Amino acid sequence: LGGGRTLDDSVLADLEELLFTADIGVKTATALLEMVRAKVRARALADPAQLKQALKVEITRILALDGAAAALPPFAPGQVRPWVVMVVGVNGSGKTTTIGKLAAKLKDAGHSVVLGAGDTFRAAAGEQLEVWAGRVGAPVVRGKNGADPASVCFEAVQQGVTTKADVVLCDTAGRLHTKAPLMEELKKVKRVIAKAVPGAPHEVLLVLDSTNGQNAIAQARQFHEALQVTGLALTKLDGTAKGGVIIGICDELKLPVRWVGVGETVADLKAFSPAEFVEALFE
Amino acid sequence: TVAKGFKAARNKLKGRTEITTEVVDEALRDIRVSLLEADVSFEVVKRFVARVREKAVGEVVETRVKTARGKLQVTPQDHFIKICHDELEGLMGPVDTSLSLPDRVLSGIMLVGLQGSGKTTTAGKLARKLKQDGKKPFLVAADIYRPAAVEQLKVLGAQLDVPVFHEAGLQPPELCKRGREAAARAHATVVIYDTAGRLAVDDQLMIELEQIKAAVEPANILLVCDAMIGQDAVKTAVEFDRRLDLSGFVLTKLDGDARGGAALSIKEVTGKPIKFLGMGEGLDRLEEFRPEGLASRILG
Ligand SMILES: Nc1nc2c(ncn2[C@@H]2O[C@H](COP(=O)(O)OP(=O)(O)OP(=O)(O)O)[C@@H](O)[C@H]2O)c(=O)[nH]1
Ligand SMILES: Nc1nc2c(ncn2[C@@H]2O[C@H](COP(=O)(O)OP(=O)(O)OP(=O)(O)O)[C@@H](O)[C@H]2O)c(=O)[nH]1
Ligand SMILES: [Mg+2]
Ligand SMILES: [Mg+2]
């Protein structure tokens with residue numbers, strides 16, 4: 001009485017399990033599988049390998065946004081200087097570590113970098129960034145403990161201007177997107193950065209932890225609404241989490257993934273490659 | 001939300017004097033979607049739906065018989081919802097928020113987990129709670145890798161007036177051993193070991209945890225888990241449990257809007273209880289686990 005389960009059904013069931021266990025989420029997985037089912041119905045696809053390939057092509061299309069994998073900022077001489085990046089995200093997502101790695105990449109590419117210790121709240125946050133600054137050989141601007149984060153970032157950007165630095169990376173304290181006063185604080189940091197350099201920050205980088213499930217979508221929506229996020233970094237992809245929630249985020253908000261974090265050392269930051277990401281998703 | 005799923009399910013059953021298996025399946029589809037959106041693990045959702053279906057279809061047959069005999073005790077809708085709630089409560093499991101801290105013995109609490117899950121902060125929270133409970137806590141900073149990790153714990157210890165032990169140049173197992181000795185010398189009654197975040201699949205670092213356990217034999221080993229975690233929760237919990245035989249879990253960052261479905265999954269799959277909930281960054285933000293709170297949150 002199992003009812004005739006066709007090859008199609010069992011293949012689709014397998015694909016469904018693959019998508020769900022990769023944190024792709026119900027809405028996005030359903031849309032992707034509907035697209036595949038349509039192709040099966042139209043007899044456009046016959047065998048399981050083709051179904052998988054159709055999924056891969058569609059997911060790659062969603063992720064390959066303009067700016068994805070356009071990693072280093074535009075630094076042709078005469079271009080914007082300093083290029084200011086404000087790094088935001090929920091607690092523990094990997095902001096401070098990503099800043100350290102990014103600073104190293106920029107220095108290796110011959111750019112001068114200033115770090116802003118905009119997390120004046122959490123225990124030893126400034127000390128943590130100072131260690132990274134020492135590792136990569138970049139100056140770090142700190143305030144006193146409990147100092148106003150906006151003024152620390154302002155000073156960091158100012159120092160970038162006076163020292164003719166190429167890039168300023170501003171760290172901020174982790175915060176949950178549901179906390180309105182903390183989101184207001186970030187908006188103020190952004191406004192104050194613009195006072196130091198009109199048009200700054202040129203990049204608002206939202207750092208997402210790839211072990212997060214569907215809550216990452218709420219994070220992206222809220223941070224984007226508050227700050228007009230311009231790029232994403234997806235951390236901890238060296239683990240077993242697939243980070244599939246990024247597909248729905250890219251589809252809905254059209255925010256490009258710039259970087260992926262693949263470990264805890266200074267070299268563990270790669271430019272995002274949609275094709276590589278999709279391959280890993282289906283492993 | 002899962003509540004929307006349950007509401008939709010309930011509405012599908014409304015006003016019927018009997019429910020057919022087709023209606024049950026339709027209702028279960030809504031609930032399945034809700035649980036997946038709440039980050040409950042795919043396998044656990046599958047099992048939950050199968051168990052509810054089995055019971056609900058059994059109920060269909062029963063109510064049909066009762067109707068034939070002219071008595072209908074409870075509406076099929078209430079039956080179905082009750083089955084779902086009972087199953088969910090079953091998944092939440094019996095509450096056990098106790099820590100093994102027998103009198104006149106120096107007991108250990110070892111905190112482990114993925115990177116950034118909230119271990120160091122939780123160490124501080126536990127120290128604060130234990131001090132309030134009349135215990136004498138002692139912190140050991142055994143994360144030798146993360147920049148300023150030791151400093152972070154020392155800042156928390158200073159805020160709480162709780163001693164923090166660290167000795168440079170030692171590997172974590174030896175460090176914890178000496179930390180325990182220092183705790184004993186200080187006449188502490190509970191020693192809390194903060195360890196570095198690590199991937200469950202990092203064999204070297206997982207062995208390190210096994211070595212710490214062997215060195216100091218902590219009476220309590222808690223996996224600190226971020227409530228926002230997705231489908232990876234089960235793999236992570238199973239591996240940490242397999243290696244260390246966990247006492248239970250701490251679920252952190254529940255002051256956000258993460259549904260926390262991972263809580264169901266890790267409990268179901270390991271059988272270990274959720275002991276504490278992290279409800280904020282402040283050191284006073286630690287609560288004992290209550291199933292109703294979490295169940296209603298996962299149900300939306
Ligand atoms: N495995 C792995 N760990 C990472 C990665 N990125 C960051 N981490 C680790 O994640 C933990 C948290 O990183 P932080 O940089 O402190 O995160 P944060 O967002 O600045 O945290 P808060 O400032 O407290 O909100 C640290 O243990 C990092 O080493 C990554 O790509 N892979
Ligand atoms: N909102 C909120 N933030 C929390 C909670 N618990 C911890 N945090 C924050 O989460 C971030 C990470 O906390 P840590 O204690 O450094 O995490 P960890 O597990 O020790 O990190 P690693 O040692 O790098 O693995 C910090 O910003 C904490 O303040 C909580 O219950 N709620
Ligand atoms: Mg940080
Ligand atoms: Mg820590």
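Treat the numbers as computed from the prediction; the structure is a model and nothing was measured. Computed over heavy atoms, backbone and side chain alike; hydrogens, waters and symmetry mates excluded. Residue numbers begin at 1 in each chain, while the letters A, B, ... track the order of the sequences.
Ranked by heavy-atom pairs shorter than 4.5 Å toward chain B, the options V245(A), T240(A), D238(A) are led by T240(A). Interface check for chain B: of the options N212(A), L176(A), V131(A), I217(A), the most heavy-atom pairs under 4.5 Å are formed by N212(A). Most heavy-atom pairs under 4.5 Å with chain B: of the set E127(A), E17(A), K242(A), K236(A), this distinction falls to E17(A). Between chain B and the options G92(A), A123(A), A22(A), G239(A), heavy-atom pairs under 4.5 Å are most frequent for A123(A). Put simply, of V234(B), V33(B), D202(B), the one with the most heavy-atom pairs under 4.5 Å next to chain A is V33(B).
With a 4.5 Å cut-off on non-hydrogen atoms, V201(B) touches chain A through its side chain but not through its backbone. If you measure heavy-atom distances from K235(B) to chain A, the contacts under 4.5 Å come from the side chain alone. Looking at K46(B), the atoms closer than 4.5 Å to chain A (heavy atoms on both sides) all sit in the side chain, from C-beta outward. Residue contact with chain B, scored on non-hydrogen atoms closer than 4.5 Å, is absent for E130(A). For A218(A), the part lying under 4.5 angstrom from a heavy atom of chain B is the side chain only. Interface remark: E281(B) contributes side-chain atoms only to the contact with chain A (heavy atom separation under 4.5 Å).
Side chains of Q152(B) and Q128(A): no donor on one and acceptor on the other come within 3.5 Å. Of the N and O atoms on the side chains of T178(A) and D257(B), not one donor lies less than 3.5 Å from an acceptor on the other residue.
With a 6.0 Å radius and a threshold of 12 heavy atoms from other residues, nucleotides or ligands, K187(A) has its NZ atom above the threshold. Enclosure of atom CD in E34(A) by more than 12 non-hydrogen atoms of other residues, nucleotides or ligands within 6.0 angstrom is indicated.
Between the OH atom in Y145(B) and the OG1 atom in T265(A) there is a gap of 14.0 Å [rounded to 0.5 Å]. To the nearest 0.5 Å, the span separating CG on N91(A) from CE on M228(B) amounts to 6.5 Å. In this structure, CZ on F42(B) lies 9.5 Å from CG on L19(A), to the nearest 0.5 angstrom.
Taking every heavy atom of both residues into account, A148(B) and A124(A) meet most closely at O-CB, 3.8 Å. Contact between E37(B) and V26(A) at its shortest, heavy atoms only, is CG-CG2, 3.7 Å.
Ion pairing of E16(A) with R32(B) is present here, as a side-chain N (NZ or NE/NH1/NH2) and a carboxylate O approach within less than 4.0 Å. Contact check on D255(B) versus K179(A) returns a salt bridge, with a Lys/Arg side-chain nitrogen under 4.0 Å from an Asp/Glu carboxylate oxygen.
With contacts defined as side-chain heavy-atom distances shorter than 4.5 Å, the pair Q115(B)/E264(A) qualifies.
A donor-acceptor contact shorter than 3.5 Å is absent between the side chain of D232(B) and the backbone of T211(A).
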